[in-house]
Amino acid sequence: MHDIRMVREQAAALRDGMRRRDALDQLEPVIARLEQLDRDRRAAIQAVEEKKAARNTASQEVGRRRKAGEDASALQAQTRALGEEIARIEATLVETEAAIQQGMYEIPNVTLPQVPAGDETHNAVVRTWGTPRAAEGVKPHWEVGESLGLLDLARGAKISGSGFIVFRGTGARLVRALMNLMLDLHTREHGYEELWVPVVVNRASMIGTGQLPKFAEDMYALGDDEGFLIPTAEVPVTNLHREEILDAAQLPKAMCAYTPCFRREAGAAGKDTRGLLRVHEFDKVELVRYCRPEDGPAQLELLTGHAEHVLQLLGLPYRVLLLAAGDTGFNSAMTYDLEVFAPGVGKWLEVSSCSVFTDFQARRANIRFRAAPGEKPRYVYTLNGSALAFPRVIAALLEHYQQPDGSVLVPEALRPYLGADFIR
RNA sequence: GGACAGGUGGCCGAGUGGUUGAAGGCACCGGUCUCGAAAACCGGCGUACCGGCAACGGUACCGUGAGUUCGAAUCUCACCCUGUCCGCCA
């Protein structure tokens, strides 16, 4: 969420940001309405505070007179009338503020200057690593996975529904191996603190990282009062220090967590329905960083490099995309997607999305730091990225390392974790 | 799930209807002293919003929300959270 002052004082920059996302036409009415609401709000505040100041002095006078044994009933009646007037103005103020908040929730982050303007056709490949394997003769991962007994998609669908996977045998072990490989790498070599967090979070956390109120249909709500299944570990991990003021010495702060992730994938019906490419429950290791504002872009490069490192260890060819403004997520100011090549399905698969959110999430979640003792707290910048999402990595492994005899070669870095050189 | 006890500033803790944004202490910042440090002493020290170029003025905030009242940290109600005990449970 932006500061309302962005609308008041930097409206031109805000409009330009929306234009770069190809979203200005859609959002212009919202912005214009916010400008009016902001004026209404301040006028109401001035009126209400003036009357409150009058009431405060009057009721002090009542106290003084009563203590002195004088009659204060006329002044009391007058003050009560003032109170009723205050209540009336405050009621309109509450409405105005609710409308402002609703409007502010509609406006996405403004992307950084280095982000290309326009829709996804303006996404830029900034680098590639490795050589994609030729597609000839490579079977899609679901065929290899099922023939090797690693996946049981039919039974996943039976016990939970389509889009839920059962891994079995070496397949199940592969999931555990990936989890350990990634967590070991990030904690031992990249300096992240490992967290084990709840996968059920409350509404305040979902609002803090920006999943709510805009993306409610994408999540599983538990049906009782307050619980949601997390769509990503970003939610519990970024919210860890919600409503806190950190010491500057704690920045940059690096945390990682393995969690399952739950997504209803509303609106994605019919896309990537086979295999592991789009599922309702999947596992992932997530990296989260907090930093000082001036470090944001450099921290994004660092975090993206940490995610890439996993793919390099696994020996999977990938490319890094800098998303154009129009393809950058609502909360993000700049995003790199990592796409791994899966020759069996002949596609680049998104296995990570690394973003810097500037202070857009920190403002919502109220995560601040004090640069020096005595200084005013400022919002941190938050970042996160998957490193990595398991199912598509597994798909790529099963396709990229497929052997003519139907077995799958295990990349060296994974062997100690899986305890095998080949999956057969 | 039941019964008690609690939730006050960065932390500890006083305050039970009226100049209380809130005593006192710790921490922190500045100063005196010192070769330097510690100790001691003096002073400062919350956040947000509105107005103002500024100095500054105003308003709000004592878990959250509603209510009573001329006036609420203080009284009432609901909810949330924490602690202790009981029950249940992997």
Side-chain angles (χ1 to χ4, degrees), chain A residues 1-10 34-104 196-208 212 221-222 224-228 236 239-251 253 260 290 359-360 362-380:
Chain A
M1 187 170 60
H2 292 289
D3 192 330
I4 183 68
R5 273 176 293 204
M6 181 90 187
V7 173
R8 192 184 310 152
E9 293 162 13
Q10 295 173 69
L34 281 167
E35 288 174 320
Q36 182 56 47
L37 286 167
D38 180 50
R39 286 190 289 270
D40 294 347
R41 170 174 168 271
R42 283 184 294 158
I45 285 173
Q46 281 171 44
V48 102
E49 290 189 351
E50 197 179 299
K51 290 188 194 309
K52 280 185 177 174
R55 181 181 64 182
N56 286 348
T57 36
S59 67
Q60 267 174 30
E61 178 61 19
V62 168
R64 204 168 296 128
R65 287 191 194 175
R66 288 173 60 134
K67 206 167 273 180
E70 299 167 23
D71 174 57
S73 53
L75 189 56
Q76 275 184 35
Q78 208 179 315
T79 312
R80 177 186 290 137
L82 208 48
E84 284 161 6
E85 228 176 311
I86 288 166
R88 208 168 51 242
I89 306 171
E90 272 185 336
T92 69
L93 186 58
V94 166
E95 280 175 38
T96 305
E97 289 187 328
I100 287 173
Q101 179 145 76
Q102 206 180 344
M104 294 302 282
W196 194 275
V197 293
V199 299
V200 173
V201 297
N202 58 29
R203 178 171 294 272
S205 293
M206 284 295 199
I207 289 173
L212 285 179
L222 292 184
D224 65 0
D225 34 23
E226 266 290 274
F228 297 88
N239 275 285
L240 193 72
H241 295 284
R242 172 153 53 84
E243 312 286 342
E244 292 183 26
I245 299 172
L246 305 166
D247 288 333
Q250 294 176 264
L251 300 178
K253 194 165 185 57
Y290 298 162
D359 58 3
F360 199 81
R363 182 173 297 109
R364 285 181 161 220
N366 202 16
I367 307 164
R368 294 176 293 171
F369 75 103
R370 207 183 294 275
E375 268 188 38
K376 271 182 178 287
R378 296 157 65 200
Y379 292 114
V380 300

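Here is how names work: the chains are called A, B, and so on, in the same order as the sequence lines, proteins then strands, and each is numbered from 1. Predicted, not measured: the structure shown is a model, and the values here were computed from it.
Using N1 to N3 plus N6-O4 or O6-N4 for Watson-Crick, or N1-O2 and O6-N3 for G-U wobble, each under 3.5 Å, A38(B) pairs with nothing. Using Watson-Crick or G-U wobble geometry with both donor-acceptor distances under 3.5 Å, A54(B) finds no partner in any strand shown. Base-pair partner of A48(B): U59(B) (Watson-Crick or G-U wobble, both distances under 3.5 Å). Under the Watson-Crick and G-U wobble criteria, each requiring two contacts below 3.5 Å, nucleotide G71(B) is left unpaired. In a base pair of the Watson-Crick type (N1 to N3 plus N6-O4 or O6-N4) or a G-U wobble (N1-O2 and O6-N3), with each distance short of 3.5 Å, A78(B) is matched with U64(B). G24(B): Watson-Crick or G-U partner is C12(B), with both key distances under 3.5 Å. Using Watson-Crick or G-U wobble geometry with both donor-acceptor distances under 3.5 Å, G83(B) finds its partner in C4(B). Across all strands shown, C29(B) is found opposite G43(B) as a Watson-Crick or G-U wobble partner, with both distances under 3.5 Å.
Taking the P atom of each, G7(B) and G87(B) are spaced 28 Å apart, rounded to whole Å. Using atom C1' as the reference point in both A40(B) and C33(B), the two lie 9 Å apart (nearest Å). Straight-line distance between the C1' atoms of U19(B) and G71(B): roughly 12 Å, to the nearest whole Å. Nucleotides U64(B) and G58(B) are separated by 26 Å at their C1' atoms, to the nearest Å. The same atom, P, is picked in C89(B) and in C4(B); the two are 24 Å apart, to the nearest Å. G17(B) and C29(B): their C1' atoms are spaced 37 Å apart (whole Å). Separation of the C1' atoms belonging to C62(B) and U20(B) is 11 Å when rounded to the nearest angstrom. Atom C1' of U47(B) sits at a distance of 9 Å from the matching atom of G9(B), rounded to the whole Å.
Look at Arg80(A) and you'll find a side-chain N or O under 4.0 angstrom from OP1 or OP2 of C70(B). Between Arg41(A) and C50(B) there is a side-chain N or O to OP1 or OP2 distance below 4.0 Å.
Counting to the nearest Å, the P atom of A27(B) and the CG atom of Asp247(A) are 16 Å from each other. Distance CD (Glu243(A)) to P (U64(B)): 11 Å, rounded to an integer number of Å. Rounded to an integer number of Å, the gap from CG of Leu75(A) to C1' of G18(B) is 14 Å. We find that CZ of Arg65(A) is positioned 15 Å from P of C70(B), with the value rounded to whole Å. Here the C1' atom of nucleotide G51(B) and the CD atom of Glu9(A) are 14 Å apart, to the nearest Å. The nearest whole Å value for the distance from the CD atom in Glu90(A) to the C1' atom in C49(B) is 13 Å. A straight line from CD1 of Ile86(A) to P of A60(B) spans 9 Å, rounded to a whole angstrom. In this structure, CD of Glu85(A) is placed 16 Å from P of U59(B), rounded to the nearest angstrom.
Using a 4.0 Å cut-off between charged nitrogen and carboxylate oxygen, Arg64(A) and Glu61(A) count as a salt-bridge pair. Under the 4.0 Å criterion applied to side-chain N and carboxylate O atoms, Lys51(A) and Glu90(A) are not assigned as salt-bridge partners.
A distance-only check finds no donor-acceptor pair linking the side chain of Arg41(A) to the backbone of Glu97(A) [under 3.5 Å]. For the pair Asn202(A) (side chain) and Ser205(A) (backbone), a donor-acceptor distance under 3.5 Å is present. When atom types are taken as modelled, the side chain of Asp359(A) and the backbone of Tyr379(A) share no donor-acceptor pair closer than 3.5 angstrom. Put simply, the side chain of Asp247(A) never gets that close to the backbone of Ala249(A): no donor and acceptor are under 3.5 Å apart.
Residues Val7(A) and Asp38(A) are not in side-chain contact: their nearest non-hydrogen atoms beyond the backbone lie 4.5 Å or more apart. Considering only heavy atoms from C-beta on, Arg80(A) stays 4.5 Å or farther from Gln76(A) through its side chain. Arg42(A) is listed as a side-chain neighbour of Arg8(A), based on a closest heavy-atom distance under 4.5 Å.
Counting only heavy atoms from C-beta on, Gln46(A) has its side chain closest to C50(B) among G58(B), C50(B), G71(B). In the set G18(B), G51(B), U47(B), G18(B) carries the atom at the smallest distance from any side-chain atom of Arg66(A). Checked against G71(B), C49(B), U47(B), the side chain of Ile45(A) finds its nearest nucleotide in C49(B). In the set C70(B), A60(B), G51(B), the nucleotide with an atom closest to the side chain of Thr79(A) is C70(B).
For Glu49(A) against G58(B), a side-chain-to-base donor-acceptor contact under 3.5 Å is present.
Among the atoms of the strands shown, only primed sugar atoms or phosphate atoms (P, OP1, OP2) are found under 4.0 Å from some heavy atom of Arg5(A).
Contacts between residues 56-63 of chain A and RNA chain B, counted as heavy-atom distances below 4.0 Å, involve Asn56(A), Ser59(A), Val62(A), Gly63(A).
We find the OG1-CZ distance between Thr79(A) and Arg55(A) to be 9.0 Å, quoted to the nearest 0.5 Å.
Remark on RNA chain B: of its neighbouring residues Ile4(A) and Val48(A), the 5'-side contact belongs to Ile4(A), judged by nearest-heavy-atom nucleotide. Nearest-nucleotide assignment on RNA chain B puts the 5′-proximal partner with Arg64(A), out of Arg8(A) and Arg64(A).
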